[in-house]
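Before any comments, here is the structure.
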Number of protein chains: 2
Amino acid sequence: MRGSSPVLARRKDSAHLFAALGDETRLLLVTRLSAGPMSISRLTEGSKLTRQAITKHLRVMKGSGLVRGARQGRESVWQLNQRRLEDARRYLDLVSKQWDDALGRLRQFVEK
Amino acid sequence: MRGSSPVLARRKDSAHLFAALGDETRLLLVTRLSAGPMSISRLTEGSKLTRQAITKHLRVMKGSGLVRGARQGRESVWQLNQRRLEDARRYLDLVSKQWDDALGRLRQFVEK
DNA sequence: CTAACATGCAACCTGGAGGTTGCATGAATA
DNA sequence: TATTCATGCAACCTCCAGGTTGCATGTTAG
């Protein structure tokens, strides 16, 4: 691993992931999929958007690995990819930790 | 709290927050700020972007509460708002938990 | 006081995100 | 087999995120 820290290497990837989560419609889809796998038409039910819009969002999410779909008969069923959720959480943990350390150093400095 | 679950109420807010994290440049800023407060010009140093670009990103992040800045003399110093990081993590935890439950139910159903 | 610094403001540009519509195609069902 | 259902593909539209540039303004250091 010469020349690029893991954090650096993962920044772009994480940005993609967060971007996939950073849309209200997609976050709704994530919520609905958190109840279990679902077909596109099912996901479209009750939505104000077109099926095509939903489809596009699903593909964006797939692009960041947040979700994956597979054809079953005449419908395509999608489901969450929990590992990616954990990836996002881990990234936030990392930043939080650095932040804590920084605060620690500051406190130590002030109290000297 | 009639008519809207907490999760629903927070979806829009969370989407904003994730969107703020969903840009490589901003994620870099987050990383740099995790080491402690910093002025705009300092944040711009070493960046390929203009100071104005950085400024815009900071304001976007401020808009989602991810960061806050204050003027100090002739420079404006910005710092992370860790509470928002925790908010994001909590949201992911929520979704993860629902997903776990769904898997649990599925497993139980299959094994019956 | 005057230069050098650190920002703010505003106008402007461009590409792609988010949506829609219309049509084509494979799968399931009466 | 004729329909209906669930999708895929592609063209098209609009708006705004992400950047830049130029100029104005408040701060500091000499």
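Chain letters run A, B, ... following the sequence lines, proteins first, then strands; residues in each count from 1. Bear in mind that the values here come from a model prediction, so they are computed numbers and not experimental data.
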Whole-Å distance separating the [atom1] atom of [X] from the [atom2] atom of [N]:
| X | N | atom1 | atom2 | answer |
| --- | --- | --- | --- | --- |
| B:Gln52 | D:dA24 | CD | P | 15 Å |
| A:Ile40 | D:dC5 | CD1 | C1' | 13 Å |
| B:Leu21 | D:dA17 | CG | P | 16 Å |
| A:Arg74 | D:dT7 | CZ | P | 9 Å |
| B:Leu27 | D:dA17 | CG | P | 19 Å |

(request) Among B:Lys12, B:Arg10, B:Arg11, find the one that has a side chain to side chain contact (heavy atoms under 4.5 Å, CB included) with A:Leu27. (result)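 It is B:Arg11; the other options fail the test.
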Can I get a per-line list of side-chain donor-acceptor pairs under 3.5 Å for residues 48-59 of chain A, giving both atom names and the distance, sequence neighbours left out?
residue	atom	partner	partner atom	Å
A:Thr55	OG1	A:Arg51	O	2.9
A:His57	ND1	A:Arg26	NH1	3.1

(message) Of all nucleotides in DNA chain C that come within under 4.0 Å of a heavy atom of chain B, which is furthest toward the 5' end and which toward the 3' end?
(response)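 Going 5' to 3' along DNA chain C, contacts run C:dC5 to C:dC9.
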(message) List the residues meeting side-chain contact (heavy atoms from CB on, under 4.5 Å) with B:Asp101, not counting sequence neighbours, and say none if there are none.
(response)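 Per chain and number, B:Asp101 pairs via side-chain contact (heavy atoms from CB on, under 4.5 Å) with B:Lys97, B:Arg105.
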(request) Please determine if a side-chain N or O atom of A:Ser39 lies less than 4.0 Å away from the OP1 or OP2 oxygen of D:dT7. (result)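 For D:dT7, OP1/OP2 do have a side-chain N/O of A:Ser39 under 4.0 Å.
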(message) If you assign A:Gly73 and A:Arg26 each to the DNA chain C nucleotide with the nearest heavy atom, which residue ends up on the more 5' nucleotide?
(response)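 Checking each residue's closest nucleotide, the 5'-ward one belongs to A:Arg26.
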(message) Within the 4.0 Å heavy-atom criterion, would you say A:Ser76 contacts the bases, only the backbone, or no part of the nucleic acid?
(response) sugar-phosphate
(request) Determine the contact category for B:Thr50: base if any of its heavy atoms lies under 4.0 Å from a base atom, sugar-phosphate if only primed atoms, P, OP1 or OP2 are that close, otherwise nothing. (result) base
(message) In terms of relative ring orientation, are B:Tyr91 and B:Phe18 parallel, tilted or perpendicular, with 30° and 60° separating the classes?
(response)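 Geometry flag for B:Phe18 against B:Tyr91: perpendicular rings.
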Check: residues 67-74 of chain A side-chain donor-acceptor pairs under 3.5 Å, at least two apart:
residue	atom	partner	partner atom	Å
A:Arg71	NH2	A:Arg74	O	3.3

(message) Closer than 3.5 angstrom, by distance alone: can the side chain of A:Arg84 be matched with the main-chain N or O of A:Leu17 as a donor-acceptor pair?
(response)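 Pair absent, no side-chain N/O of A:Arg84 close to backbone of A:Leu17.
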(message) Whether the side chain of A:Ser34 engages the backbone of A:Thr31 through a donor-acceptor N/O pair (distance < 3.5 Å, no angle test) should be reported.
(response)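 Yes; judged by distance alone, with no hydrogens or angles, the pair exists.
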(request) State the CG-OG distance between A:Leu29 and A:Ser47, to the nearest 0.5 angstrom. (result)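 A:Leu29 CG to A:Ser47 OG: 7.5 Å, rounded to 0.5 Å.
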(message) Among residues at least two apart in sequence or on other chains, which ones pass side chain to side chain donor-acceptor pair (under 3.5 Å) with B:Thr44?
(response) none
(request) With a 4.0 Å heavy-atom cut-off, tell me which residues in residues 53-68 of chain B come close to DNA chain C, sorted by residue number. (result)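 Within residues 53-68 of chain B, the residues near DNA chain C are B:Thr55, B:Arg59.
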